[in-house]
Each structure stands twice: as C-alpha cells, then as structure tokens.
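What you see below is based on every heavy atom in this structure, not just the backbone, and it leaves out hydrogens, waters and symmetry mates.
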Amino acid sequence: MSKSYSIAILGATGAVGTRMIDQLAKSDIKVSKLCLLASKRSAGKILVFRGRHLKVQEAFPESFDGIDIVLASAGGKVSASLLPEAVKRGAVCIDNTSYFRMNDDVPLVVPEVNAEFVKAHHGIIANPNCSTIQMAVALNPVRQKYGLNQIIVSTYQAAGGAGQAGIDELYQEATAYLNDEPMESKILPVKGGQKHYPIAFNLLPQIDVFEDADYTHEEWKMIHETKKIMCGDKNSQQLKVTATCVRVPVPITHGETIYFMTDTAPTPDEIRTTLETAPGVIVQDDPKRQIYPQPVEVVGSQQTFVGRIRSDMENNRAYHMWVVADNLVKGAAWNAVQIAEELIKQDEVHGSQEFANLF
C-alpha cells in the first residue's frame, strides 16, 4: 500500500512558492496534509491546491510539527533560521535558496543527473541555481556517453530570476518607456546594490554581486554547482567550467549558449540522437525549417529544450548548443518536487498509511 505525506511549502505566496503548489498538484505524490507558510505580511491569503482553498499561515518553528517534507523558497535567511527547526521535528527539507548549496554535507540534486545523491542527506537537500539546472540536464547525457572536460556558458536570464519583483519592474519600465516617461529602476541588477539600471529594452551583464576575479556570485554559482553536481566536488579539477551571466528583458525562461568540449568526437547528429532519448530533454533542432527553442514557447514547461547543436569548425571535439527552460518551473519548483518524488521512491521519508482527508 502506498503512503501519503504531510507537506509544508515555505514561501508559498512567492513566484516560486505558487509554482511549487502547482507542480505538487500535478505530481503523483499523495498528500494527506498541505501547510502553506509565509511571512506575517502574507498570512491569511487563500491559495488553491487540488481544488481546495487553503489559508496561508505565518511560519514558526512549531509549524513543522508532524511534517514529512518541506519545500522551501522564502530566502536564505529564512531557510537558515527555520529549516534546521523542521529537521529537528523529523522533516526532510528541499531548499530552493543558495544558503546550503555549497555545504559539503548537503546534497545538491538535479534528479535527471544525480538522483542517487538524495540518500546522502542529513535532513536538507539543496535545489541548484535555475541556470545550473537546465545546463546540467542538457549536458549530462553528453558527459555520460562522450565524456566532458570543459564548459563555457553565457546565459540570457529572465527578469523573473529576481522573483515577481523583477517581472513587475520589467513591465513597469517597458510601459514607461513606451509612454515616453522616465523609467524607475529599484531592483536590478541587484536589489541591495549601490546602483540600479533598467532592464526594459536593455541588457545587464551583472546578476548578483561581484566577487573574486570580477566574477558575479551568479557566475561562481554556475561554476561550483556544476562541478558539485557532475563530479561530486565543488572544486573538482576534472571539469573546467566558466560562465558569463546576463539579465535580459524577458519575463520568464532562461536561455543559454553553451560551448563544450568532449573526450571523444561524436557528430552533432549523434549528440542529437543521445539527447532525444534523455530524461527531461526535448530536442528542437532543425535550422532549415527555423526550428529552435524560444522562451515564449517554453513558459510553464517541466522540460529542458535544446537546439542549435553544431560542431566548432575551428576546434576538434568542441560543440555549441542553445538551451532554454522555464526558470521558475524546471529551474526551481518542478526540480524541488522531483526531488521529493525521489525521496519517496527511495524510501527516504516516513509518510503515513492513513488515507483520511487526502487531497
């Protein structure tokens, strides 16, 4: 007999939290109880899960009593404060923030790539960065079959990567620009930064703060997260990774141009064939018919879309590809729910045989 699970969503009213509710509803997970948690400001809001209207509650440590699984996307400080409390009460937490990702004791999981890592958890599993997730999904089948020794990625990241506030700022600035009014920039490129620049009709080659060697924190995340996911070590020398991350005036869905080098020399057609049967990947690659992934066509999808696969004409065993995925779905909410499904599949969470009041 299959079990049912008591689940809490922390940050339920945010751009990712609302999608966690939606993706959980679409999953096969049997839910006996769903607790929607947020800040005091958002408490009292009504959200719908599988046809039932649920009231959002303010999050406290006691909110996790009796909870089996926590899906969290409420910011690093909130995760740092509340997730250890949830673990003390017996829950397994899947955290969408960057707070725990580089902790050696916390698995960093993309289910299509390293699902077996969920067993290494000590109560917390980290959801990787959205741009890292789609790159890992697209490149891991290549790595498994042909080897992979270097990645150079340039990202085209949606305003929604900064949350609903980023999307709102894009729309407000675009409206002002089209009405020949001044654009007011308050969020991007970094909410707490000294300067803010418009994203509407603009490109911002900065995502998060600048760190060592003039890389941004987003770029460092892509480098070290990719190594941790694929090699099991955030500082691995087995795989060279570098990144340039750019914010673009698109509401939702990230694009990436990925240049990669393999150990063997497959043809582009062989790479396409490999990816066509890869989990979570959809290949859209027919240049003669102008078929390639586009952000407007990918919004809401759980899959990662790959196109423009071609050889580098100047270097052997080097290739280009174009990768697109919904940063709030596969890049956040759906990946977290997939991890929850893996926890259940691998019997890493208790659950209950009780079927009363199932959603």
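The CG atom of Asp208 lies 10.0 Å from the CZ atom of Phe210; values are rounded to the nearest 0.5 Å. For the atom pair CZ of Arg19 and CG of Leu24, the computed distance is 15.5 Å after rounding to the nearest 0.5 Å. Glu58 CD to Ser63 OG: the interatomic distance, rounded to the nearest 0.5 Å, is 8.0 Å. Rounding to the nearest 0.5 Å places CG of Leu343 at 12.0 Å from CD of Gln338. We find the OG-CD1 distance between Ser236 and Ile223 to be 13.0 Å, quoted to the nearest 0.5 Å. The distance from the CD1 atom of Ile258 to the CD1 atom of Ile309 is 10.5 Å, given to the nearest 0.5 Å.
A donor-acceptor contact shorter than 3.5 Å is absent between the side chain of Arg272 and the backbone of Val283. Between the His320 side chain and the Arg310 main chain, no donor and acceptor come within less than 3.5 Å of each other. At least one donor-acceptor pair under 3.5 Å links the side chain of Asp68 to the backbone N or O of Ser6. In this structure, the side chain of Lys227 engages the main chain of Leu239 through a donor-acceptor pair within 3.5 Å. A side-chain donor-acceptor contact under 3.5 Å links Ser301 to the backbone of Gln303. Formation of a donor-acceptor pair under 3.5 Å by the Asp285 side chain with backbone atoms of Pro293 is not found in this model. In terms of modelled atom types and a separation under 3.5 Å, the side chain of Glu270 and the main chain of Thr267 share a donor-acceptor contact. For Arg101 (side chain) and Asn127 (main-chain N/O), a donor-acceptor pair under 3.5 Å exists by modelled atom type. The backbone N or O of Val329 sits less than 3.5 Å from a side-chain atom of Asp326, completing a donor-acceptor pair. No donor-acceptor distance shorter than 3.5 angstrom exists from the side chain of Arg317 to the backbone of Met261, with no hydrogens or angles considered.
Under the 4.5 Å side-chain heavy-atom criterion for Ile, Leu, Val, Met, Phe, Trp and Tyr, Leu36 and Ile29 are members of the same hydrophobic cluster. No path of Ile, Leu, Val, Met, Phe, Trp and Tyr side chains, each step under 4.5 Å between heavy atoms, connects Leu37 with Met20, placing them in separate hydrophobic clusters. No continuous path of hydrophobic side-chain contacts links Leu10 to Ile69 [ILVMFWY only; heavy atoms under 4.5 Å]. Follow the hydrophobic side-chain contacts under 4.5 Å out from Val337 and you reach Ile94 in the same cluster. Two different hydrophobic clusters hold Leu71 and Val106 under the rule that ILVMFWY side chains link at heavy-atom gaps under 4.5 Å.
Side-chain N/O atoms of Glu173 and Ser185 include a donor and acceptor closer than 3.5 Å. Under 3.5 Å, the side chains of Lys26 and Gln302 contain no donor-acceptor pair of N or O atoms. Using modelled atom types and a 3.5 Å distance limit, the side chains of Glu116 and Gln346 yield no donor-acceptor pair. Under 3.5 Å, the side chains of Asn149 and Asp263 contain a donor-acceptor pair of N or O atoms. In this model, a donor atom of one side chain and an acceptor atom of the other lie less than 3.5 Å apart for Tyr146 and Thr274. Counting only N and O atoms by type, the side chains of Asp312 and Tyr259 include a donor and acceptor under 3.5 Å apart. Using modelled atom types, one finds a donor on one side chain and an acceptor on the other under 3.5 Å when comparing Asp95 with Thr97. There is a side-chain donor-acceptor pair under 3.5 Å between Asp168 and Gln164.
When all heavy atoms of Ala72 and Leu83 are compared, the closest pair comes out as CB-CD2, 4.0 Å. Shortest non-hydrogen contact noted between Pro249 and Ala200 is CB-CA, 4.3 Å. Listed here is the closest heavy atom pair of Pro251 and Leu170: N-CD2, 3.7 Å. Taking each heavy atom of Leu275 and Ala138 in turn, the nearest pair found is CD2-O, 3.2 Å. Across Cys130 and His254, no two heavy atoms sit closer than the pair SG-NE2, 3.3 Å. Of all heavy-atom pairs spanning Leu139 and Met321, the tightest one is CD2-CE, 4.0 Å.
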Check the pair Phe64, Val70 against side-chain contact (heavy atoms from CB on, under 4.5 Å), reporting the backbone distance first and the verdict last. CA-CA 8 Å; Phe64 303 103; Val70 178; 3.7 Å; yes
Go through it in stages, so that I can follow the logic: the residues are Thr244 and Tyr215, the test is side-chain hydrogen bond (donor to acceptor under 3.5 Å, both in side chains), and I'd like the CA-CA distance, side-chain angles, deciding distance and then a yes or no. CA-CA 8 Å; Thr244 300; Tyr215 281 73; over 6 Å; no
Taking it one step at a time, do Glu297 and Gln284 satisfy side-chain hydrogen bond (donor to acceptor under 3.5 Å, both in side chains)? CA-CA 11 Å; Glu297 297 178 348; Gln284 295 181 334; 5.0 Å; no
Go through the steps to decide whether Lys119 and Glu342 satisfy the test salt bridge (charged side-chain N to carboxylate O under 4.0 Å, His left out), and finish with yes or no. CA-CA 9 Å; Lys119 285 187 174 293; Glu342 282 295 331; over 6 Å; no
Could you give me the CA-CA distance, side-chain angles and deciding distance for Glu85 and Lys88, then say whether salt bridge (charged side-chain N to carboxylate O under 4.0 Å, His left out) is met? CA-CA 5 Å; Glu85 295 293 335; Lys88 288 178 185 177; 3.6 Å; yes
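With a 6.0 Å radius and a threshold of 12 heavy atoms from other residues, nucleotides or ligands, Gln294 has its CD atom above the threshold. Other residues, nucleotides and ligands contribute only 12 or fewer heavy atoms inside 6.0 Å of the OH atom of Tyr177. Summarising the local packing, CG of Asn179 is surrounded by more than 12 heavy atoms from other residues, nucleotides or ligands at distances under 6.0 Å. By the neighbour-count criterion of 12 heavy atoms within 6.0 Å, atom CD of Gln237 is sparsely surrounded, having that number or fewer from other residues, nucleotides or ligands. The number of heavy atoms from other shown groups lying within 6.0 Å of CZ (Arg89) is above 12. Around the CG atom of Asp269, the shell of radius 6.0 Å holds more than 12 heavy atoms that belong to other residues, nucleotides or ligands.
For the pair Tyr319/Ile271, a side-chain contact is recorded, criterion being any heavy-atom separation below 4.5 Å from C-beta on. Contact annotation: the side chain of Ile229 approaches that of Pro128 to within less than 4.5 Å [non-hydrogen atoms, C-beta and beyond]. Counting heavy atoms from C-beta on, the side chains of Val246 and Leu204 never come closer than 4.5 Å. In this structure, the side chains of Ile21 and Leu47 come closer than 4.5 Å at one or more pairs of heavy atoms. Side-chain atoms of Leu82 and Phe60, non-hydrogen and from C-beta on, never get closer than 4.5 Å to each other. For the pair Ser79 and Phe100, the minimum side-chain heavy-atom distance is below 4.5 Å. Looking only at side-chain heavy atoms (C-beta outward), Val110 and Val137 come within less than 4.5 Å of each other. Proximity of Asn129 to Glu218: side-chain heavy atoms (C-beta onward) are separated by under 4.5 Å at one or more points.
Ring geometry for Tyr156 versus Trp322: interplanar angle over 60°, hence perpendicular rather than tilted (30 to 60°).
Salt-bridge formation is not detected for the pair Lys234/Glu225: no Lys NZ or Arg NE/NH1/NH2 atom is positioned less than 4.0 Å from an Asp or Glu carboxylate oxygen. A salt bridge between Glu341 and Lys345 is absent, with no side-chain N of the basic residue lying under 4.0 Å from a carboxylate O of the acidic one. Between Lys186 and Glu169 no salt bridge is recorded (no basic side-chain N to carboxylate O distance below 4.0 Å).
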